[in-house]
Amino acid sequence: MQWNINIPTAEYYDVQEIPGRTTGPIEHLIRALEDAKEIAIDTETTGLVRWKDMPLYWSVAWGNRRATVHARTLPLFRSVFQDRSKRWLLADAKYDMHILANVGVILEGPVVDIQVMHALLYEDRPHGLKGIASHILGWTWSDFQDTFGKISVKQNAEALIRRAEAENFNLLIEYAANDAWGTLEGGRQLKIQLEKVYTNSLFSVLPPYINTLWDLFDKTEVPYTKVLWECERNGILIDQEYLQRIAPTASAEIDDLARSIVHETGGKVMNPNSGQQLINYFTSIGAPLTKMTKGGVSGIRKTAIDATVLDFLSVSHPVAAKTKRFRELTKLKGTYIDGLDEVKDPFNRIHTRFNQDVARTGRLSSSGPNLQNIPRADNDKWKLRGAFIAPPGHKLIVADYEQLEMRLLADGSREEGMCDVIRRGWDIHMGNAAMIYGVPYDDISVAKKTEKKVKSGELPESAMTEYMKQCLIFRAEVKTIGFGLVYGMGDGKLARDLGITKKEATEKSKHFMEKYPAIKSFKEEMLKDATEYGCVFTIMGRRRSLPGIHSYDRGDRSKAERIAVNTPIQGSAADVVRVAQLHCWSAGLDARYGARMLLQVHDELVFECPDENVEECKAEIKEYMEHPFAVELSVPLGVDINSGASWLAAK
DNA sequence: TTAGCGGGCGCG
DNA sequence: AAAGCGCGCCCGCTAA
């Protein structure tokens, strides 16, 4: 096969020369790498578990050479790995960094993840090494499975590689060296491409040193990879006994509920988690099922039986209420109680992956397990956040941005009314309601407080006056409209959410826009960018292209328009948090306080800190988070920061 | 047994 | 005419 890139011969090295196998003495490779400034590196490992698995082979590419090397040589390359002036190129960098760290190897220089580079340029394409190679280099080679065979229970990665070692060693050398060469060449091309893309920001704070996507990548994404690697490496401690205590209770409760449902439906529903059985049952008793699902990729719409439908049916059918409860409990049990238990390390710590190249907006995603969707206390009878704890002598510090997206909307639009609300330190939704309906802020505030006291039984129902109720309706309306406009909500959905007619909803959103005209202009500006340039920008100059914006399909076009409004807000929030994390990291909180960053949950950071340093550390984190940029935004950023023995207690 | 899909639902 | 954004995981179901 002829490829349109040059592929040098794969060299092989081991601790000592092996006639007919190695290419030369290992010292030659050490010397060559000592001279190299830019090196791609990859590992072949015993498996995919990042806190446990070990390297078997590693491969490197630099200049116009590539080599595969036995893992036992790694200690000999100390001088190479410790050289801070070297740039390392990797694909899925954090994975290999974990594997290397498992044998004591730390890459001290900057680590460049070509998957993140690719994600900045081509949001809608696959960012895996093989995907990048075929897309950017026009080069494909046989993947792990085609080279070594399928990983199964009986044949794990190590067994497969050992077999190749014995049976077809050259194939192994070739495969490993391909990965490194593809990474090096892909990285070189992507750098050239990133340098060509000039970027922009609607907001005023884009630092002068960011002109192109390469600048954005080099200044923020590259150091961020290491920050995230440390978060992953640290992991978060789990209270093992806590989980063990609630697991049987949960099982028993679920079983009871299931039995009761089977009984009440006369045995027609054997498994309340089966949508089909539920649909059959409710149809058989003549219950109305009108809602349809979206239909997934195929677009085939089916009868929906989700929480909204079950709520509706609950009024006349107790089975529906029980089914909903059953779903909630099995979700908690399966995903969070059993799920977390299965992935903890021997020290009861859980290591999520923070994916830097997944979300189209520039947000992180978290997986294996996802620690960004742990239930909140108000939605979880077992208080699972209480199972995430600090070790003895430590506290968890939890820092939350207050209304970050709304504040960025205020800054981006320069809507004076909204900026004013924020500068006064008002609650954003109450303040907006006051501005838009011309009601005194204090009245709404009093109404909210009274409502709270009535709910807790401290005050009688009669304490709520009609006027107070009206104030709260104003607040609820403005809150829904506010969130809705960030997501591009239509009036139909707004009407449904507020329980009013569509005509009324249209009136209300019109009224909102009349009072906050700059918000309207902001939306129009984003749509203009999208139409003219085919992309929108975030505060740090991240781009998202919108191919659907000129689609002839009205649905696709509308979707692109909603994205055009949402991405600058959601993506800018992600940028702010990212920059704050970089500040926290470069401030050396670990060295000075023994404080470690553990989690990022979009607008929230979680740290672990020795008791005696908690207050000082909190003050510093708050400062970094509230002032991420050299230039101040047009509104202040607010951070709510707390500490406690657990994630639950620190809220 | 395994893989992929759709529905549903947890979070921000 | 109607249309909310961004994720990942569990479960049931079907096909291979």
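Every chain is numbered from 1, with letters handed out A, B, ... down the list of sequences. Computation of the quantities below employed the complete heavy-atom set of this structure, encompassing side-chain atoms and omitting hydrogens, waters and symmetry-equivalent molecules.
- When the side-chain nitrogen and oxygen atoms of Lys154(A) are compared with OP1 and OP2 of dT1(B), none of them lie within a distance under 4.0 Å.
- In terms of modelled atom types and a separation under 3.5 Å, the side chain of Asp306(A) and the main chain of Val309(A) share a donor-acceptor contact.
- Of the possible polar contacts, none joining the Asn355(A) side chain to the Val358(A) backbone as a donor-acceptor pair under 3.5 Å is found.
- The cationic atom of Arg245(A) (NZ for Lys, CZ for Arg) lies less than 6.0 Å from the six-membered ring centre of Tyr242(A) and within 45° of the ring axis.
- Within 4.0 Å (heavy atoms only), Leu364(A) reaches no atom of the nucleic acid at all.
- When heavy atoms are screened at a 4.0 angstrom cut-off, Gly555(A) is found touching no nucleic acid atom at all.
- Between Arg327(A) and dG10(B), a side-chain N or O to OP1/OP2 separation shorter than 4.0 Å is absent.
- Within 4.0 Å (heavy atoms only), Val565(A) reaches no atom of the nucleic acid at all.
- Whole-Å rounding puts the Lys302(A) NZ to dC5(B) P distance at 13 Å.
- Contacts of Arg557(A) with the nucleic acid, taken as non-hydrogen atoms under 4.0 Å apart, are absent.
- Closest to the Ile563(A) side chain, of the nucleotides dC7(C), dG10(B), dC5(C), is dC5(C).
- Between the CZ atom of Arg407(A) and the C1' atom of dG12(B) there is a distance of 16 Å, given to the nearest Å.
- Distance, Gln155(A) CD to dT1(B) P: 18 Å, rounded to whole Å.
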Pairing pattern in dot-bracket form [Watson-Crick, G-U; both distances under 3.5 Å; | = partner strand] for DNA chain C: ....||||||||||||
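- The residue Asn379(A) sits close only to the backbone: its heavy atoms come under 4.0 Å of sugar-phosphate atoms, none of a base.
- In this structure, the NZ atom of Lys324(A) is 8 Å from the P atom of dC9(B), given to the nearest Å.
- In this structure, the ring of Trp229(A) has its center less than 6.0 angstrom from the ring center of His98(A).
- Lys150(A) comes within 4.0 angstrom of the backbone, heavy atoms only, and of no base.
- Using a distance-only test at 3.5 Å, with no hydrogens or angles considered, no donor-acceptor pair links the side chain of Ser367(A) to the main chain of Pro369(A).
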Could you run through nucleotides 9-16 of chain C and give me one letter per nucleotide, 5' to 3': B if any protein heavy atom sits under 4.0 Å from the base, S if only the sugar-phosphate is that close, - if neither? BSSSS---
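- At least one side-chain nitrogen or oxygen of Arg496(A) sits closer than 4.0 Å to the OP1 or OP2 atom of dA3(C).
- Nucleotide dC9(B) holds its P atom 9 Å from the NZ atom of Lys291(A), rounded to whole Å.
- The main-chain N or O of Glu221(A) is found under 3.5 Å from a side-chain atom of Gln356(A) such that the two form a donor-acceptor pair.
- The residue Ile305(A) sits close only to the backbone: its heavy atoms come under 4.0 Å of sugar-phosphate atoms, none of a base.
- Between the Asp380(A) side chain and the Pro375(A) main chain, no donor and acceptor come within less than 3.5 Å of each other.
- Heavy atoms of Ala573(A) sit nowhere under 4.0 angstrom from any nucleic acid atom.
- Rounding to whole angstrom units, CD of residue Glu123(A) and C1' of dC5(C) are separated by 15 Å.
- In this structure, His118(A) and Tyr122(A) have tilted ring planes: the angle between them lies in the 30° to 60° band.
- Candidate nucleotides dA2(C), dC9(B), dG6(C) were compared by shortest atom distance to the side chain of His602(A), and dG6(C) ranks first.
- Remark: P of dC5(C) and CG of Asp497(A) are 13 Å apart, rounded to the nearest angstrom.
- Using a 4.0 Å heavy-atom distance criterion, Ala307(A) is classed as a sugar-phosphate-only contact.
- Judged by distance alone, with hydrogens and angles left aside, Arg363(A) brings a side-chain donor or acceptor within reach of the base of dG12(B), the pair sitting under 3.5 Å.
- As judged by a 4.0 angstrom heavy-atom cut-off over every strand, Arg554(A) is placed among the base-contacting residues.
- A gap of 27 Å separates the C1' atoms of dA2(C) and dG10(B), to the nearest Å.
- Looking at heavy-atom distances under 4.0 Å, Lys502(A) makes contact with sugar-phosphate atoms alone, never a base.
- When the C1' atom of dC5(C) is taken as reference, atom CD1 of Ile549(A) falls 14 Å away, rounded to whole Å.
- In this structure, Val297(A) reaches the sugar-phosphate backbone alone: every heavy-atom distance under 4.0 Å involves primed, P, OP1 or OP2 atoms, never a base.
- Residue Arg544(A) is in sugar-phosphate contact alone, with no base atom involved, counting any heavy-atom pair closer than 4.0 Å across all strands shown.
- Taking only side-chain nitrogens and oxygens, Arg360(A) comes nearer than 4.0 Å to OP1 or OP2 of dC7(C).
- Considering only side-chain N and O atoms, Thr293(A) lies under 4.0 angstrom from the phosphate OP1 or OP2 of dG7(B).
- Between Leu278(A) and Arg327(A), the closest side-chain pair of non-hydrogen atoms falls below 4.5 Å.
- A donor-acceptor contact under 3.5 Å links the side chain of Gln570(A) to the base of dC5(C).
- The residue Ser298(A) sits close only to the backbone: its heavy atoms come under 4.0 Å of sugar-phosphate atoms, none of a base.
- For the pair Thr283(A) and Thr303(A), the minimum side-chain heavy-atom distance is 4.5 Å or more.
- In this structure, the side chains of Ile428(A) and Met418(A) come closer than 4.5 Å at one or more pairs of heavy atoms.
- Using the six-membered ring where Trp is involved, Phe483(A) and His429(A) have ring planes that are tilted, between 30° and 60° apart.
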